[in-house]
*Asks:* 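My structure is below; once you've seen it, I'll send some questions.
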Amino acid sequence: MKNELAKTYDSSLFEDSIYTKWEKSGFFNPDLSNLPDDAPSYTVILPPPNITAKLHIGHSAMLAIEDLMVRFHRQNGYRTLWVPGTDHAAIATQNMVEKKLMAETGKTRHDLGHEAFLREVDTFVENTQATILKQTRKMGASLDWSRLAFTLDDKRQKAVKRMFLDMHREGVIYRGERIVNWCPRCQSTLADDEVEHKEQKAKLYTFKYSADFPIAISTTRPETKLGDTGLAINPKDERYIKYIGEDIETDFCGLKLKIKVIGDRKVEMDFGTGALGVTPAHSALDWQMAEAENLTKIKVIDETGIIRDSFGEFSGLSTLEAREKIVDRLNADGLMIKEEEIENNLSCCYRCGSVIEPLPSLQWFISVDAPVARLNGRSMKEAALEAAKKKDIKFLPDRFEKRFVDWMENLYDWCISRQIWFGHSIPAWYRGDETYVGEFAPEGEGWIQDADTLDTWFSSGMWTFSTLGWPDTFENDIKSGDLARFHPTQVLETGYEILTLWVSRMVMMSMFALGEIPFEHVYLHGTILDAKGKKMSKSKGNGVDPLEVIEKYGADAVRLSLLMGATPGNDARYSEEKVESKRNFINKLWNISRFILADLKDEDLNQSLDITPTAKTLADRWILQELGTTRKTVDESIRNFEFAAAADSLHDFTWNKLADWYLEVAKIEKEKSPILIYILKNVLVMWHPFIPYVTEALWESFNDDILMMKQWPAAPEVTDGADFVIIQEAITGIRNARSENKIEPARKVKAVVVGNKAEFLVGQAALLCGLRTGVETIDLAEAAPSEAAIRVVLGETEIYLLGAVDPEKEKARLTKEKENLEKLIAGLSVRLQNQEFVSRAPAHILKVEQDKLARYQSELANINDALKA
RNA sequence: GGUCGUUUAGCUCAGCUGGUUAGAGCGCUGCAUUCACAUUGCAGAGGUCAGUGGUUCGAGUCCACUAACGACCACCA
């Protein structure tokens, strides 16, 4: 015994020093693990948290799950790598700093200028990054800090540039004019999935362009009608079908419009007048129609939300002012037919909430459909879809495969340029009408680099391989170094809300760059909600700071509370009571260890691993048997990503079996069995991935090595300990009899079934019943099987612990069981004799049913034997 | 409009391919406690598994429909 253990576990005394000990050991880095060369690798890349803010409890859940997987595999002989990092989160971060700047100095980023503003951002990034990394360590995350990455550091900048150039050369990246989601406040484009839809009331105006125009149209945005070049109707619409193909010139609010009538099935006949004014430049749907019909595209609104020149009296007005003016004029001219309130979905920026203006704009795009040589001419989209459908990438829970596939199939080209300052610069250069794509500006004067930056998902999409040395570790399609050893990674663990935003992009980028999947499994966790089931958010103020809870209850308690009661893909509620109850459990484990380790002798520590011969009593064999099944369950559950089930099983073993029964028996023994220390070691090893701090703290109190690296052989297979359960039932029976005062003077209580299992000492049974005095034993050898083996005298009370099963009771129990089994067998037989079922059922189903039948029949045979005896 | 999820004890949730008496934690009730642990122990109460119908020898589990709640996607010009 090296250290005395305190009465309760105080996490604050251990966590920091233990984390330092782990880090100093170097074993977070798999290169230092002394594993044989052929050890399988196990790689997890940490989803890099945005450096916009410190971590919240949801991140803690992510870290707990990943650290569990990582520690488990590290303890089981895998070359285990978990790569840490942070994400620069371009738009989000820039917005954050702009807001801060405005609040503190009243200045905009333009007031500061490009360089000074980026310096502000850097300072902000450094601060939050430091906080995030500190929080991550506090959680006990066993990340390889030597490989720490940032999506915007030098190595990643190099990788991103290379990727851009490769994609451009291959024709996957192109520059073109497309309608994009434009945020007038951020002054930048947004990807489709960065646009949020908010429900609101809107006015739907129905009117004619002019008095002589034959068809009325409906719109919520009359100001865009200044740019109409077409009128679309459903080709099935009898009312208007005769106009299809006509070119109509008309006068709209004093401006000339040339309108071509086209047919398009996307037009809903029931909505409005069933006719749609086509505004190619300001609606994504209209743009598509215009492309198909070769309509002119007239840009009405500029990037700041102002009506452009050459629109007469409306030029220079904001969209809202122009709308008002047009509505007034339509009313005055008697062209307005109807104004009605409708429910409408407004497109808003997911970062700042401003209304999105669809605009045509010259941007960089990734074509998801372009053929890629490395993929044998398949596109990234096709390759990604195939990986999912062929289950090269497995989703957990598997329903997310469908969501992934659906989204992928409907994917359009991805706009990757953003008009913000903070982010990866674009390796493209312009001079007049010339464009050059390359790492450096070409020779000659006057070349100016593209002022835009790349979508943040471009760099995070490369995360699985940009963190493993790509492109330096990939020459001539051959992987080397980290990339060869650790890619594809085994598991991507992340929240389901970024399945499309991030996961899909990683698959495509990896397919393009390496021609292989980025990960074998995608494990998607749910969202952590507050105790009332509401989403946590800053504005609601219901967020939880992990550091505060850790300080109060310890990191292990926080981890365990997030791991237990959470299943993949489902949201989970957080409450402090849960953390508290886990803290209590951890203290229980502490005290179990304290009891076992008290007065421990050195020779007890140097026990042989083959513990089975020291199992002398029924209780010994029972606990070893339970240990064996628990280890199996825990192992299988973790490998199947059923972490809560693994924890439940361990929890049950530790508290209900080990503490409540085996330790109680052990207290009565004169000498401590070496089995105690053996069980404790197993328990600590198994718990370590869940609650690393307390287990390591306990381990170091009686071992010289480090638990984090401890591999432990499987528990011995003991199969003859189950009868101890009968004793437990009997003891419970006596306890109940006593507590209900059913034990009257001189009354005999038949309860305990010690029987021929005499090695469980009768004195122990008595003590476990809470009977401490007046124990008188009868020699078992002399007692007939159904007679008393022990007589306990408590004052006037005599209690007999019987030497055999109560034959009546046992017979009744067996008979009941027999009846049940017979019913089951009869039912199953009916099915198996059903010709239709037998001929139709697949072979494996048939086998399962047959096995089941065989199992029931053998059980029945056992019971019949027992009944005879 | 489309897709998906949830509904099991007072609360939070397990329950894998249909199979013997539906589980856990918390809470509640009663009792105990100088003994590793009151961050404790023992015992107990509490469920027609949202509803209806179907498949089956057998349904919490499979199918259909209904209801409530929730998420996501698309979009109405």
Side-chain angles (χ1 to χ4, degrees), chain A residues 5 7-9 192-193 197 202 204 217-221 224-225 232 266-268 270-273 275-279 282-286 342-345 347 397 399-400 402-403 406-407 410 496-497 499-500 526-527 529 531 533 535 553 557 561 564-567 569-575 577-578 580-598 637 640 642 644-645 648 651-652 656 659-660 663-664 667 732 735-736 738-740 770 772 816-831 834 837 844-845 848-849 852 855-856 859:
Chain A
L5 298 180
K7 205 168 176 183
T8 53
Y9 171 60
D192 289 344
D193 35 335
H197 300 279
L204 182 71
I217 58 162
S218 301
T219 184
T220 52
R221 302 197 56 194
T224 64
K225 299 293 106 184
K266 288 193 281 292
V267 180
E268 285 181 36
D270 302 334
F271 189 86
T273 61
L276 156 67
V278 182
T279 320
H282 298 288
S283 151
L285 185 72
D286 295 12
I342 58 161
E343 286 294 324
N344 193 10
N345 271 319
S347 299
R399 65 183 133 95
F400 284 102
K402 185 175 151 46
R403 202 195 276 189
D406 285 351
W407 190 81
N410 295 311
Y496 61 75
E497 73 278 3
L499 177 70
T500 52
T527 310
L529 308 171
K535 247 187 188 162
Y553 297 102
S561 73
M564 294 183 83
T567 42
N570 296 327
D571 296 348
R573 295 181 191 204
Y574 168 87
S575 70
E577 288 80 63
K578 280 186 194 171
E580 193 182 339
S581 85
K582 300 312 166 211
R583 191 269 321 263
N584 293 354
F585 168 74
I586 285 161
N587 190 57
K588 184 77 181 179
L589 179 62
W590 178 265
N591 273 291
I592 288 169
S593 310
R594 193 158 94 103
F595 172 76
I596 294 177
L597 295 173
S637 301
N640 290 329
E642 291 162 357
D648 279 343
H651 185 274
D652 180 54
N656 301 336
D660 290 350
L663 292 194
E664 293 305 317
K667 279 180 189 170
T732 303
R735 281 177 181 159
N736 288 351
R738 288 188 70 224
S739 71
E740 287 163 22
R772 287 160 202 280
K816 184 93 204 295
E817 206 165 314
K818 184 182 167 181
E819 277 169 23
N820 280 330
L821 277 168
E822 279 168 350
K823 232 163 52 187
L824 277 170
I825 290 168
L828 258 178
S829 305
V830 170
R831 159 164 289 188
N834 182 336
F837 171 75
H844 69 275
I845 300 264
V848 166
E849 297 289 292
K852 235 189 273 179
R855 205 175 65 233
Y856 294 153
E859 260 180 64

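Values reported hereafter were calculated over all heavy atoms of this structure, with side chains retained and with hydrogens, waters and symmetry mates removed. Chain letters run A, B, ... following the sequence lines, proteins first and then strands; every chain starts at 1. This is a predicted model, so every value here is computed, not measured.
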*Asks:* Without decimals, in angstroms, what is the distance between A:E849 CD and B:C57 C1'?
*Replies:*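 One finds 12 Å between C1' of B:C57 and CD of A:E849, rounded.
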*Asks:* Between A:T567 and B:A14, does any side-chain N or O lie under 4.0 Å from OP1 or OP2?
*Replies:*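 The answer is yes; a side-chain N or O of A:T567 sits under 4.0 Å from OP1 or OP2.
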*Asks:* With a 3.5 angstrom cut-off on both distances, give the Watson-Crick or G-U wobble partner of B:C13, or none if there isn't one.
*Replies:*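 Across any shown strand, B:C13 pairs with B:G23.
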*Asks:* Side chains of A:Y856 and A:N820: any donor to acceptor distance under 3.5 Å?
*Replies:*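 No.
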*Asks:* I need the OH-C1' distance between A:Y553 and B:U39, as an integer number of Å.
*Replies:*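 After rounding, the gap between these two atoms is 11 Å.
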*Asks:* Can you identify which nucleotide, out of B:C76, B:C57, B:C72, has its nearest atom closest to the A:R403 side chain?
*Replies:*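 Nearest nucleotide to the side chain: B:C72.
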*Asks:* Between B:C75 and A:K266, is there an OP1 or OP2 to side-chain N/O distance shorter than 4.0 Å?
*Replies:*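 No.
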*Asks:* Can you tell me, in whole Å, how much space there is between the C1' of B:A22 and that of B:C49?
*Replies:*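 Taking atom C1' in both B:A22 and B:C49, they lie 8 Å apart.
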*Asks:* When you measure from the side-chain N and O atoms of A:K535 to the phosphate of B:C72, is any distance below 4.0 Å, counting only OP1 and OP2?
*Replies:*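 Answer is yes, contact under 4.0 Å.
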*Asks:* Rounded to the nearest Å, what distance is computed from the CG atom of residue A:N591 to the P atom of nucleotide B:A36?
*Replies:*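 So the CG-P distance, A:N591 to B:A36, works out to 10 Å.
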*Asks:* Quickly work out the A:Y856 OH to B:G58 P distance and round it to whole Å.
*Replies:*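 Computing the A:Y856:OH to B:G58:P distance gives 15 Å.
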*Asks:* Can you tell me, in whole Å, how much space there is between the C1' of B:G19 and that of B:G25?
*Replies:*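 Pairwise C1' distance, B:G19 against B:G25, rounds to 28 Å.
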*Asks:* Within the 4.0 Å heavy-atom criterion, would you say A:I586 contacts the bases, only the backbone, or no part of the nucleic acid?
*Replies:*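 A:I586: no heavy atom of the nucleic acid under 4.0 Å.
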*Asks:* When you compare B:U20 with B:A32, how far apart are their C1' atoms, in angstrom units rounded to a whole number?
*Replies:*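 My reading of the C1' atoms in B:U20 and B:A32 gives 36 Å.
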*Asks:* Evaluate the side-chain contact (heavy atoms from CB on, under 4.5 Å) criterion for residues A:N591 and A:L5: first the C-alpha distance (whole Å), next the side-chain angles of each, then the deciding distance (0.1 Å), finally the verdict.
*Replies:* CA-CA 9 Å; A:N591 273 291; A:L5 298 180; over 6 Å; no
*Asks:* From B:C42, B:A77, B:C37, pick the nucleotide closest to the side chain of A:L276?
*Replies:*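 Within the option list, the nearest is B:A77.
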*Asks:* So how far is it from A:K852 NZ to A:E849 CD, rounded to the nearest 0.5 Å?
*Replies:*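 Atom-to-atom, A:K852:NZ and A:E849:CD are 4.0 Å apart.
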*Asks:* Distance check needed: B:U3 P versus A:K402 NZ, whole Å only.
*Replies:*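 It works out to 8 Å between those atoms.
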*Asks:* Applying the Watson-Crick and G-U wobble criteria at under 3.5 Å, what pairs with B:C35? Answer none if nothing qualifies.
*Replies:*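 Checking every strand shown, B:C35 finds no partner, since no pair has both distances under 3.5 Å.
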*Asks:* Could you give the NZ-to-C1' distance, from A:K578 to B:A14, as a whole number of Å?
*Replies:*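 The answer, rounded to whole Å, is 12 Å.
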*Asks:* With a cut-off of less than 4.0 Å, is there a side-chain N or O of A:N587 near OP1 or OP2 of B:U40?
*Replies:*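 Answer is no, no contact under 4.0 Å.
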*Asks:* Is there a Watson-Crick or G-U wobble partner for B:C4 with both distances under 3.5 Å, and which nucleotide is it?
*Replies:*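 In the structure as shown, B:C4 has B:G70 as its Watson-Crick or wobble partner.
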*Asks:* With a 3.5 Å distance limit and no angle check, can you tell me whether A:D571 reaches the backbone of A:T527 through a side-chain donor-acceptor pair?
*Replies:*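 Present.
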*Asks:* Answer with base, sugar-phosphate or nothing: what part of the nucleic acid does A:E859 contact at a heavy-atom distance below 4.0 Å?
*Replies:*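 Base, at least one base atom sits under 4.0 Å.
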*Asks:* Side chain of A:R399, base of B:G5: donor and acceptor closer than 3.5 Å?
*Replies:*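 Between B:G5 and A:R399, which were checked side chain against base, a qualifying N/O pair under 3.5 Å is absent.
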*Asks:* With heavy atoms under 4.0 Å as the rule, sort A:T220 into base, sugar-phosphate or nothing.
*Replies:*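 Answer is sugar-phosphate: A:T220 comes under 4.0 Å of backbone atoms only.
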*Asks:* Using only modelled atom types and a 3.5 angstrom limit, is any donor from either the side chain of A:R573 or the base of B:U12 paired with an acceptor on the other?
*Replies:*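 Side chain to base: no pair below 3.5 Å.
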*Asks:* Taking only the C1' atom of each, what is the distance from B:C69 to B:G27 in whole angstrom?
*Replies:*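 So the two C1' atoms sit 25 Å from each other.
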*Asks:* Using Watson-Crick or G-U wobble geometry with both distances under 3.5 Å, which nucleotide pairs with B:C75?
*Replies:*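 Across all strands, not a single nucleotide pairs with B:C75.
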*Asks:* Take A:R594 and A:T219, find for each the nucleotide of RNA chain B with the closest heavy atom, and name the residue whose nucleotide sits nearer the 5' end.
*Replies:*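 The answer here is A:R594.
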*Asks:* Would you say a side-chain N or O of A:N820 is under 4.0 Å from OP1 or OP2 of B:U21?
*Replies:*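 Yes, such a contact exists.
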*Asks:* For atom C1', what is the distance between B:U61 and B:G70, given to the nearest Å?
*Replies:*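 Pairwise C1' distance, B:U61 against B:G70, rounds to 23 Å.
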*Asks:* With rounding to whole Å, what would you report as the distance between B:C13 and B:G5 at their C1' atoms?
*Replies:*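 Their C1' atoms lie roughly 16 Å apart.
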*Asks:* Got more than 12 heavy atoms from elsewhere within 6.0 Å of NZ, A:K266?
*Replies:*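 Check passes, neighbour count above 12.
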*Asks:* Could you check which of B:A36, B:G19, B:G58 has an atom nearest any side-chain atom of A:K667?
*Replies:*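 Minimum distance to the A:K667 side chain belongs to B:A36.
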*Asks:* What integer distance in Å separates A:E268:CD from B:C75:P?
*Replies:*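 Interatomic distance, CD of A:E268 to P of B:C75: 12 Å.
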*Asks:* In terms of the angle between their ring planes, are A:Y9 and A:W590 parallel, tilted or perpendicular, with boundaries placed at 30° and 60°?
*Replies:*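 Plane angle between 30° and 60°, so tilted.
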*Asks:* For a quick check of understanding: with a heavy-atom distance under 4.0 Å over all strands, which category does A:N570 fall into, base, sugar-phosphate or nothing?
*Replies:*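 It contacts sugar-phosphate atoms only.
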*Asks:* Any strand counts, and the cut-off is 3.5 Å on both contacts for Watson-Crick or G-U wobble. Which nucleotide pairs with B:A43?
*Replies:*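 Across all strands, the one nucleotide that pairs with B:A43 is B:U29.
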*Asks:* Does the side chain of A:K823 get closer than 4.0 angstrom to OP1 or OP2 of B:G58 through an N or O atom?
*Replies:*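 No, no such contact exists.
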*Asks:* Select one nucleotide: of B:U40, B:C42, B:U56, the one nearest the side-chain heavy atoms of A:K588.
*Replies:*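 Out of B:U40, B:C42, B:U56, the nucleotide with an atom closest to A:K588's side chain is B:U40.
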*Asks:* B:G19, B:A77, B:A36: which one has an atom nearest the side-chain heavy atoms of A:L204?
*Replies:*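 Closest nucleotide among those given: B:A77.
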*Asks:* Is the shortest heavy-atom distance from the side chain of A:K225 to the side chain of A:I217 under 4.5 Å?
*Replies:*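 A:K225 vs A:I217: side chains touch.
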*Asks:* With a 4.0 Å cut-off on heavy atoms, is A:E577 in touch with a base, just the backbone sugar-phosphate, or nothing at all?
*Replies:*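 No contact at all - A:E577 keeps every heavy atom at 4.0 Å or more from the nucleic acid.
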*Asks:* Kindly determine whether A:K588 and A:I592 satisfy side-chain contact (heavy atoms from CB on, under 4.5 Å), including the steps that lead there.
*Replies:* CA-CA 6 Å; A:K588 184 77 181 179; A:I592 288 169; 4.2 Å; yes
*Asks:* Look at all strands and tell whether A:A645 reaches a base, only sugar-phosphate, or nothing, counting heavy atoms closer than 4.0 Å.
*Replies:*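 If one applies the 4.0 Å heavy-atom cut-off, A:A645 turns out to touch nothing in the nucleic acid.
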*Asks:* Among B:C37, B:C76, B:C57, find the nucleotide with the atom closest to the side chain of A:L285.
*Replies:*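 Looking only at side-chain atoms, A:L285 lies closest to B:C76.
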*Asks:* Considering only the P atoms, how many Å lie between B:U39 and B:C28, rounded to the nearest integer?
*Replies:*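 Between the two P atoms, the distance is 14 Å.
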*Asks:* In the structure shown, which nucleotide is the Watson-Crick or G-U wobble counterpart of B:G18, with both distances under 3.5 Å?
*Replies:*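 Pair assignment: B:G18 / none.
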*Asks:* Any carboxylate oxygen within less than 4.0 angstrom of a Lys/Arg side-chain nitrogen, looking at A:K667 and A:E664?
*Replies:*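 Yes.
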*Asks:* Considering only atom C1', compute the distance from B:A14 to B:G30 and round it to an integer number of Å.
*Replies:*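 Roughly 28 Å separates the two C1' atoms.
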*Asks:* Is any N or O donor-acceptor pair between the side chain of A:K7 and the base of B:C37 shorter than 3.5 Å?
*Replies:*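 Between B:C37 and A:K7, which were checked side chain against base, a qualifying N/O pair under 3.5 Å is absent.
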*Asks:* Find the partner of B:U56: check Watson-Crick (N1-N3 plus N6-O4 or O6-N4) and G-U wobble (N1-O2, O6-N3) distances, both under 3.5 Å, and reply none if neither fits.
*Replies:*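 In the structure as shown, B:U56 has no Watson-Crick or wobble partner.
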*Asks:* Supply the atom-to-atom distance A:L276 CG to A:E268 CD, rounded to the nearest 0.5 angstrom.
*Replies:*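 These two atoms lie 10.5 Å from each other.
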*Asks:* When we call it a touch if two heavy atoms are under 4.0 Å apart, what does A:K816 touch: a base, just sugar-phosphate, or nothing?
*Replies:*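 Answer is nothing: A:K816 stays at 4.0 Å or more from every strand.
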*Asks:* Just the rounded figure in Å: distance from C1' of B:A14 to CE of A:M564.
*Replies:*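 One finds 10 Å between C1' of B:A14 and CE of A:M564, rounded.
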*Asks:* Which nucleotide, if any, forms a Watson-Crick or G-U wobble pair with B:U61, using both distances under 3.5 Å?
*Replies:*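 Paired with B:U61, as far as the under-3.5 Å criterion goes, is no nucleotide at all.
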*Asks:* Tell me which of A:E817 and A:K582 sits closer to the 5' end of RNA chain B, going by the nucleotide each one is nearest to.
*Replies:*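 Its nearest nucleotide lies further toward 5', so the answer is A:E817.
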